[in-house]
K.L.:
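Take a look at the following structure, please.
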Amino acid sequence: MAELIEDASFDDEDWYGEELADRAYTRCTFSQVDLTEAQTQGVVFTDCAFVDVRFNTSRHASSAFVGCTFERCNLFDAEFVGCKLTGSTFHKSALRPLRVIGGDWSFVGLSGADLRDATVEGTRMREIDLTGANCEDAAFTNVDLSGAQLRGATFRRCDLRGSDLSAFEPGEVGLAGAIIDAAQAVVLAQALGVQVR
């Protein structure tokens with residue numbers, strides 16, 4: 001059974017390099033906590049708030065951050081493998097470079113986020129909010145972006161191969177130099193109202 005921690009506050013704590021496993025945090029607040037090089041395995045955070053938390057070079061596997069808020073956090077070189085972040089939001093957080101492999105990031109709020117050079121592979125990102133996000137030179141491969149909010153986002157020189165681009169409106173999203181496959185080209189052409197024969 002996972003250890004359950006509820007309604008707790010962690011302020012200015014040093015968790016550098018900690019290995020966290022089989023714990024569940026609910027409605028907890030983490031403020032100015034140093035999680036640099038920390039690792040989580042099977043840890044669940046539900047409705048938690050992270051403020052000024054350092055996640056630099058941290059690694060997260062099969063963990064969940066559900067309905068959480070990240071305010072002014074630093075996720076430099078952080079990695080999420082098979083993690084669930086459904087309904088979480090990021091505000092004024094440093095996200096470069098970010099690596100996401102698998103997992104479910106549906107309904108995540110990343111409006112205005114700087115995601116340049118990010119790597120996202122095989123991840124479910126349905127109805128994610130990427131409004132105004134900068135995804136230049138990133139890789140979003142085999143990603144489910146159906147229903148995503150993308151107005152004003154840029155994917156210049158981004159590798160989008162294998163991803164669901166049904167939510168992309170070419171007139172609203174920067175796509176210069178993006179890499180796509182033939183099937184995706186048809187989807188974008190249809191969005192432009194042209195016929196491919």
Side-chain angles (χ1 to χ4, degrees), residues 9-21 23-25 28-141 143 145 148-150 153-155 158-159:
S9 294
F10 303 90
D11 300 310
D12 196 23
E13 297 196 12
D14 184 1
W15 292 10
Y16 185 101
E18 288 284 331
E19 296 185 7
L20 309 176
R23 298 184 192 178
Y25 297 88
C28 293
T29 300
F30 299 81
S31 179
Q32 296 185 332
V33 175
D34 187 357
L35 283 165
T36 300
E37 295 191 14
Q39 298 183 44
T40 68
Q41 175 72 49
V43 178
V44 178
F45 300 89
T46 305
D47 298 327
C48 292
F50 299 89
V51 182
D52 294 312
V53 174
R54 293 182 293 280
F55 288 93
N56 305 32
T57 60
S58 60
R59 300 289 179 262
H60 309 275
S62 303
S63 293
F65 299 79
V66 179
C68 295
T69 58
F70 297 81
E71 186 80 29
R72 300 187 305 277
C73 294
N74 193 330
L75 287 88
F76 170 79
D77 201 28
E79 180 179 75
F80 296 84
V81 179
C83 292
K84 182 177 182 179
L85 277 85
T86 308
S88 290
T89 57
F90 294 80
H91 301 284
K92 299 180 180 179
S93 294
L95 300 166
R96 297 185 62 200
L98 182 69
R99 183 173 173 83
V100 179
I101 309 298
D104 191 345
W105 286 53
S106 298
F107 305 101
V108 169
L110 283 165
S111 177
D114 186 351
L115 292 167
R116 288 175 294 167
D117 306 307
T119 298
V120 184
E121 299 177 4
T123 305
R124 182 184 173 114
M125 288 185 156
R126 289 189 176 183
E127 298 190 46
I128 191 169
D129 185 359
L130 289 169
T131 304
N134 187 346
C135 303
E136 290 185 358
D137 301 304
F140 283 74
T141 54
V143 175
L145 288 165
Q149 299 177 52
L150 302 168
T154 177
F155 290 85
C158 183
D159 187 348

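A quick note: this is a predicted structure, and the numbers were derived from the prediction, not measured. Heavy-atom basis, side chains included; hydrogens, waters and symmetry copies ignored.
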K.L.:
If you measure from the Lys or Arg side-chain nitrogens to the Asp or Glu carboxylate oxygens, is any gap between E136 and R116 under 4.0 Å?
P.N.:
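Looking at E136 and R116, the cut-off is not met.
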K.L.:
Under 6.0 Å between ring centres: does that hold for F76 and F55?
P.N.:
no
K.L.:
Side chains of S111 and T131 only: does a donor on one sit below 3.5 Å from an acceptor on the other?
P.N.:
no
K.L.:
Measure across D117 and P97 and return the closest heavy-atom pair with its distance rounded to 0.1 Å.
P.N.:
O-CB, 4.2 Å
K.L.:
Between CG of L35 and CG of L20, what distance do you get to the nearest 0.5 Å?
P.N.:
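One gets 7.0 Å once the value is rounded to the nearest 0.5 Å.
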K.L.:
Which pair of non-hydrogen atoms, one from I101 and one from T123, has the smallest distance, and what is that distance?
P.N.:
C-OG1, 4.1 Å
K.L.:
For the residue pair F50 and C73, what are the closest heavy atoms and their distance?
P.N.:
O-SG, 3.3 Å
K.L.:
One thing to verify: whether R54 and D34 come together as a salt bridge, which I'm taking to mean a side-chain N less than 4.0 angstrom from a carboxylate O.
P.N.:
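Salt bridge between D34 and R54, a charged N being under 4.0 Å from a carboxylate O: yes.
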K.L.:
Nearest 0.5 Å, please: how far is OG in S58 from CD in Q39?
P.N.:
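The OG atom of S58 is 9.5 Å from CD of Q39, to the nearest 0.5 Å.
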K.L.:
Decide yes or no on side chain to side chain contact (heavy atoms under 4.5 Å, CB included) for L130 and L115, but give the supporting numbers first.
P.N.:
CA-CA 10 Å; L130 289 169; L115 292 167; 3.8 Å; yes
K.L.:
Side chains of F90 and L85: does their closest heavy-atom pair fall under 4.5 Å?
P.N.:
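Yes, their side chains come closer than 4.5 Å.
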K.L.:
Are the side chains of R124 and S106 in touch, meaning some heavy atoms are under 4.5 Å apart?
P.N.:
yes
K.L.:
Do the non-hydrogen side-chain atoms of F155 and L150 ever get within less than 4.5 Å of each other?
P.N.:
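Yes - at least one pair of side-chain heavy atoms lies under 4.5 Å apart.
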K.L.:
Distance from W105 atom CH2 to F80 atom CZ, nearest 0.5 Å?
P.N.:
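If we round to the nearest 0.5 Å, W105:CH2 and F80:CZ are 5.0 Å apart.
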K.L.:
Let me see the working for F45 and C28 under side chain to side chain contact (heavy atoms under 4.5 Å, CB included), right down to the final yes or no.
P.N.:
CA-CA 8 Å; F45 300 89; C28 293; over 6 Å; no
K.L.:
Are the side chains of T89 and H91 in contact, using a 4.5 Å heavy-atom criterion?
P.N.:
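In contact.
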K.L.:
Can you list the steps and then say if I128 with F107 is a side chain to side chain contact (heavy atoms under 4.5 Å, CB included)?
P.N.:
CA-CA 4 Å; I128 191 169; F107 305 101; over 6 Å; no
K.L.:
Hey, can you tell me if F10 and F30 have their rings parallel, tilted or perpendicular (30° and 60° cut-offs)?
P.N.:
parallel
K.L.:
What class does the angle between the rings of F70 and F65 fall in, given that below 30° is parallel, 30 to 60° is tilted and above 60° is perpendicular?
P.N.:
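Tilted.
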K.L.:
Going from CG on L75 to OG on S93, what distance comes out if it is rounded to the nearest 0.5 angstrom?
P.N.:
6.5 Å
K.L.:
Quick one: which residue pairs count as a salt bridge (Lys or Arg N to Asp or Glu O under 4.0 Å) with a foot in residues 82-94, not counting sequence neighbours?
P.N.:
none
K.L.:
If every non-hydrogen atom of C158 is compared with every non-hydrogen atom of A139, which pair is closest and at what distance?
P.N.:
SG-N, 4.2 Å
K.L.:
Closest heavy-atom contact between S88 and G67?
P.N.:
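It is OG-N, 3.5 Å.
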K.L.:
Step by step, would you call T36 with T57 a side chain to side chain contact (heavy atoms under 4.5 Å, CB included)?
P.N.:
CA-CA 6 Å; T36 300; T57 60; 4.0 Å; yes
K.L.:
Got D77 and R59 here, is their nearest side-chain heavy-atom distance under 4.5 Å?
P.N.:
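Yes, close enough: below the 4.5 Å cut-off.
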K.L.:
First locate atom CG of D11, then atom OG1 of T29, and finally report the distance between them rounded to the nearest 0.5 Å.
P.N.:
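Reported value, rounded in 0.5 Å steps: 8.0 Å.
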K.L.:
So, taking the atom named CE in M125 and the one named CG in L110, what distance separates them when rounded to the nearest 0.5 Å?
P.N.:
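Interatomic distance, M125 CE to L110 CG, rounded to 0.5 Å: 7.0 Å.
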